[in-house]
S.K.: 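Just passing along the structure, written as structure tokens.
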Amino acid sequence: MLKTNKLVLLTIAGTSLIFSVAVVNYYTGQTPTSVIENLTNNVSLYYEYQNYFQEQQRNVFTITKIPFILMIFIVKIILLYSYIVFFIKKEKTSLFEKIYLLLITCSFIYIGVGRGTSFEFFELLILIIFILFSTKKKSGNLMNVKSLVIGLLLSSLAVYIFISGINARGVEFDPSIIRADVNYDPQGWLPTISSSLAVIVFRLYAYFGFGFFYISIYLTETWFASINNFFMGLFPWGYELILGNSVQDIMGRLVDVGVKWHPDFSVLINDLGYVGMLMICLFIGLFCGYSARFDEKTPIVELTNYVILLQMISLPVGNFLFTSSANQLIVFSLLIYWIWKIFINRRFVI
């Protein structure tokens with residue numbers, strides 16, 4: 001179905017590995033050797049990354065930073081495109097192609113390991129789940145025992161890596177400093193059954209469940225609190241123009257956000273209003289409905305669907321797409337492509 005050139009794949013894999021090493025060195029000052037040494041000596045790579053990042057002022061945008069932003073973008077787009085091509089589009093994958101996929105996966109994961117972050121593992125997990133469902137939908141069988149087992153194993157591995165990453169930062173669980181809005185009960189049924197499992201669930205909640213609590217408080221105590229608040233929430237910058245505070249400022253006084261994420265829901269409500277957010281969701285839904293009618297989806301269509309999935313998960317949880325420069329470039333590139341395809345080229349044949 002799809003022919004591949006071994007030399008081309010080897011060149012792409014080598015480029016991806018070189019770029020990942022260069023990126024980690026730029027942002028953390030670490031080399032592959034020092035990363036391995038710190039891992040074996042239980043040194044927090046996350047704190048090493050944060051300290052170096054602040055000392056070298058990597059948060060400040062400079063011309064010298066652009067090549068490394070592009071390198072992360074290239075490493076990520078290579079991974080996404082390759083996974084889609086070899087796992088969704090191709091019927092069979094050769095041994096050489098599997099080695100190629102392993103190499104580009106290692107380069108992508110190395111960026112996360114070198115910085116002591118778990119986000120790359122999360123993105124990889126979502127990508128694999130997306131591929132599993134895409135291939136099952138293609139075959140007409142959306143759910144079977146094998147898919148469930150693979151999904152559970154991958155999810156368990158992701159949770160283990162996530163918790164290990166937090167533990168490596170020296171973060172200890174202390175229920176005595178938890179605010180009442182979280183409602184952690186040490187005498188509850190889950191802590192009674194397994195205190196370790198309860199800690200894992202709590203930490204997962206802080207990252208992936210907090211947004212739902214955040215949204216419920218926004219709806220009950222801000223948006224529906226008065227007629228004026230309701231109308232302010234309908235339009236872009238409604239709260240800022242009238243009250244002088246953003247949605248994030250308001251919610252920061254109502255709930256204990258701390259180091260947790262403000263969900264994308266609040267960002268879109270603040271900048272676009274509820275009407276604007278609904279229009280964005282409607283547009284995304286229309287695109288998904290249209291692309292679902294294609295008999296044969298190209299890698300660009302599948303990549304767009306993956307980005308949409310990541311955004312839909314991000315909506316009630318956090319800002320997965322627009323806090324990363326690489327993800328911003330991917331979204332921007334896809335927008336340019338589809339604008340050109342639909343409005344300029346005026347053909348939807350891809």
S.K.: Only pairs under 3.5 Å count here: list side-chain donor-acceptor contacts from residues 308-322, not counting sequence neighbours, and write none if there are none.
M.R.:
{"residue": "Q311", "atom": "NE2", "partner": "D264", "partner atom": "OD2", "Å": "3.0"}
{"residue": "S314", "atom": "OG", "partner": "D264", "partner atom": "OD2", "Å": "2.9"}
{"residue": "S314", "atom": "OG", "partner": "G318", "partner atom": "O", "Å": "2.1"}
{"residue": "S314", "atom": "OG", "partner": "F320", "partner atom": "N", "Å": "3.2"}
{"residue": "N319", "atom": "OD1", "partner": "F322", "partner atom": "N", "Å": "3.0"}

S.K.: Can you find a heavy atom in the side chain of Y27 that is under 4.5 Å from one in the side chain of I72?
M.R.: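 When only atoms from C-beta onward are counted, I72 and Y27 do touch, with a gap below 4.5 Å.
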
S.K.: Any idea which heavy atoms bring Q248 and Y214 closest together, and the distance?
M.R.: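 It is CA-OH, 3.9 Å.
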
S.K.: If you take all heavy atoms of I215 and P263, which pair is closest and at what distance?
M.R.: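 In terms of heavy atoms, the two residues are closest at CG1-CG, 4.3 Å.
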
S.K.: Looking at F231, I want to see if its CZ is surrounded by more than 12 non-hydrogen atoms of other residues, nucleotides or ligands under 6.0 Å.
M.R.: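 No, not enclosed.
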
S.K.: List the residues meeting side chain to side chain donor-acceptor pair (under 3.5 Å) with E48, not counting sequence neighbours, and say none if there are none.
M.R.: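 Result, side chain to side chain donor-acceptor pair (under 3.5 Å) vs E48: none returned.
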
S.K.: One pair to check against side-chain contact (heavy atoms from CB on, under 4.5 Å): M251 and T222. What are the steps and the verdict?
M.R.: CA-CA 8 Å; M251 293 306 299; T222 300; 4.0 Å; yes

S.K.: Quick one: do I66 and V75 end up in the same hydrophobic cluster if we chain Ile, Leu, Val, Met, Phe, Trp and Tyr together by side-chain heavy atoms under 4.5 Å apart?
M.R.: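 Per the 4.5 Å side-chain linkage, I66 and V75 are co-clustered.
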
S.K.: Apply side chain to side chain donor-acceptor pair (under 3.5 Å) to S16 and list each qualifying residue two or more places apart in sequence or on a separate chain.
M.R.: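 Side chain to side chain donor-acceptor pair (under 3.5 Å) list for S16, sorted by chain: S107.
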
S.K.: Any link between I12 and F87 through a network of hydrophobic side chains (Ile, Leu, Val, Met, Phe, Trp, Tyr) touching at under 4.5 Å?
M.R.: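 Yes, because I12 and F87 connect within a single hydrophobic cluster, where side-chain heavy atoms sit under 4.5 Å apart.
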
S.K.: Can you list every pair that meets ring-ring contact (aromatic ring centres under 6.0 Å, His included) and has a residue in residues 56-82, with sequence neighbours left out?
M.R.: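 For residues 56-82, and leaving out neighbouring residues, the ring-ring contact (aromatic ring centres under 6.0 Å, His included) pairs sorted by first residue read Y26-F68.
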
S.K.: When rounded to the nearest 0.5 angstrom, what distance separates CD in Q30 from OH in Y52?
M.R.: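 So the CD of Q30 and the OH of Y52 are separated by 9.5 Å.
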
S.K.: Once rounded to the nearest 0.5 Å, what's the spacing between atom OG of S266 and atom CH2 of W261?
M.R.: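 Rounded to the nearest 0.5 Å, the OG-CH2 separation comes to 13.0 Å.
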
S.K.: Find the distance between CZ (F119) and CD1 (I111) and round it off to the nearest 0.5 Å.
M.R.: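 That separation rounds to 12.5 Å.
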
S.K.: Working to the nearest 0.5 angstrom, can you tell me the gap between Y100 OH and S82 OG?
M.R.: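 Nearest 0.5 Å value for the OH-OG distance: 2.5 Å.
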
S.K.: Applying the 4.5 Å side-chain criterion to the ILVMFWY set and letting contacts propagate, would V301 and L335 be lumped into a single cluster?
M.R.: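 Per the 4.5 Å side-chain linkage, V301 and L335 are co-clustered.
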
S.K.: Do I250 and L243 touch side chain to side chain, with heavy atoms closer than 4.5 Å?
M.R.: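 When only atoms from C-beta onward are counted, L243 and I250 do touch, with a gap below 4.5 Å.
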
S.K.: State which residues pass side chain to side chain donor-acceptor pair (under 3.5 Å) with Y239; sequence neighbours excluded, sorted by chain then number.
M.R.: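 Testing Y239 for side chain to side chain donor-acceptor pair (under 3.5 Å), a comparison that skips the adjacent residues, returns Y218.
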
S.K.: Hey, any chance F332 and L303 share a hydrophobic cluster, counting ILVMFWY side chains that come within less than 4.5 Å of each other, even indirectly?
M.R.: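 Different clusters: F332 never reaches L303 through Ile, Leu, Val, Met, Phe, Trp or Tyr contacts under 4.5 Å.
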
S.K.: Quick check for you: to the nearest 0.5 Å, what is the distance between I77 atom CD1 and L329 atom CG?
M.R.: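 Separation between the atoms: 9.5 Å.
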
S.K.: Work out which heavy atom in T62 is nearest to a heavy atom in T64; give both atom names and the distance.
M.R.: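 It is OG1-OG1, 3.0 Å.
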
S.K.: Y110 vs V23, test: side-chain contact (heavy atoms from CB on, under 4.5 Å). Steps then yes/no.
M.R.: CA-CA 10 Å; Y110 176 74; V23 164; over 6 Å; no

S.K.: Show which side-chain atoms of residues 123-133 pair as donor or acceptor with protein atoms under 3.5 Å away, not counting sequence neighbours.
M.R.:
{"residue": "E123", "atom": "OE1", "partner": "K76", "partner atom": "NZ", "Å": "3.0"}
{"residue": "E123", "atom": "OE2", "partner": "K76", "partner atom": "NZ", "Å": "3.1"}
{"residue": "E123", "atom": "OE2", "partner": "N327", "partner atom": "ND2", "Å": "3.1"}

S.K.: Measure the CD1-CG distance between I330 and L80 for me, rounded to the nearest 0.5 Å.
M.R.: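 CG of L80 is found 5.0 Å from CD1 of I330.
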
S.K.: After noting the C-alpha distance and the side-chain angles of L39 and V113, does the key distance pass the side-chain contact (heavy atoms from CB on, under 4.5 Å) rule?
M.R.: CA-CA 9 Å; L39 283 173; V113 172; 3.9 Å; yes

S.K.: Could you check if a side-chain atom of K341 sits within less than 4.5 angstrom of a side-chain atom of Y337, using non-hydrogen atoms only?
M.R.: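 Answer yes - side chains close enough.
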
S.K.: So, do W223 and L234 sit near enough that their side-chain heavy atoms are less than 4.5 Å apart?
M.R.: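 Yes, their side chains come closer than 4.5 Å.
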
S.K.: Tell me the salt bridge (Lys or Arg N to Asp or Glu O under 4.0 Å) pairs involving residues 23-47, sequence neighbours left out?
M.R.: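 The answer is none; no pair qualifies.
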
S.K.: Could you list all the salt bridge (Lys or Arg N to Asp or Glu O under 4.0 Å) pairs where at least one residue sits in residues 98-116, not counting sequence neighbours?
M.R.: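 For residues 98-116, and leaving out neighbouring residues, the salt bridge (Lys or Arg N to Asp or Glu O under 4.0 Å) pairs sorted by first residue read R115-E120.
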
S.K.: Before you tell me yes or no, could you show the steps for N305 and F287 under side-chain contact (heavy atoms from CB on, under 4.5 Å), namely the whole-Å CA-CA distance, both residues' side-chain angles and the distance that decides it to 0.1 Å?
M.R.: CA-CA 9 Å; N305 286 335; F287 174 83; 4.0 Å; yes

S.K.: Is the centre of the F122 ring less than 6.0 Å from the centre of the F208 ring?
M.R.: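 F122 vs F208: aromatic centres under 6.0 Å.
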
S.K.: Residues two or more places apart in sequence or in another chain: which of them pass side-chain contact (heavy atoms from CB on, under 4.5 Å) with Q57?
M.R.: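 So Q57 forms a side-chain contact (heavy atoms from CB on, under 4.5 Å) with N59, V60.
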
S.K.: May I have the list of side-chain donor-acceptor pairs in residues 267-276 shorter than 3.5 Å, sequence neighbours left out?
M.R.:
{"residue": "N270", "atom": "OD1", "partner": "V247", "partner atom": "N", "Å": "3.0"}
{"residue": "N270", "atom": "ND2", "partner": "E240", "partner atom": "OE2", "Å": "2.9"}

S.K.: Excluding sequence neighbours, so at least two apart, what forms ring-ring contact (aromatic ring centres under 6.0 Å, His included) with F53?
M.R.: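 Partners of F53 under the ring-ring contact (aromatic ring centres under 6.0 Å, His included) test: Y49.
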
S.K.: Going by the rule side chain to side chain donor-acceptor pair (under 3.5 Å), which residues pair with T33 if we only count those two or more places apart in sequence or in a different chain?
M.R.: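 Not a single residue meets the side chain to side chain donor-acceptor pair (under 3.5 Å) criterion with T33.
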
S.K.: Describe, in one word, how the ring planes of F210 and F213 are oriented to each other, choosing from parallel (under 30°), tilted (30 to 60°) and perpendicular (over 60°).
M.R.: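 The rings of F210 and F213 sit tilted, inter-plane angle from 30° to 60°.
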
S.K.: Assess whether atom CD1 of I227 is packed by more than 12 heavy atoms of other residues, nucleotides or ligands within 6.0 Å.
M.R.: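 It does not: I227 CD1 has 12 such atoms or fewer within range.
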
S.K.: V8 and I84: same hydrophobic cluster, using ILVMFWY side-chain contacts below 4.5 Å?
M.R.: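 V8 clusters together with I84.
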
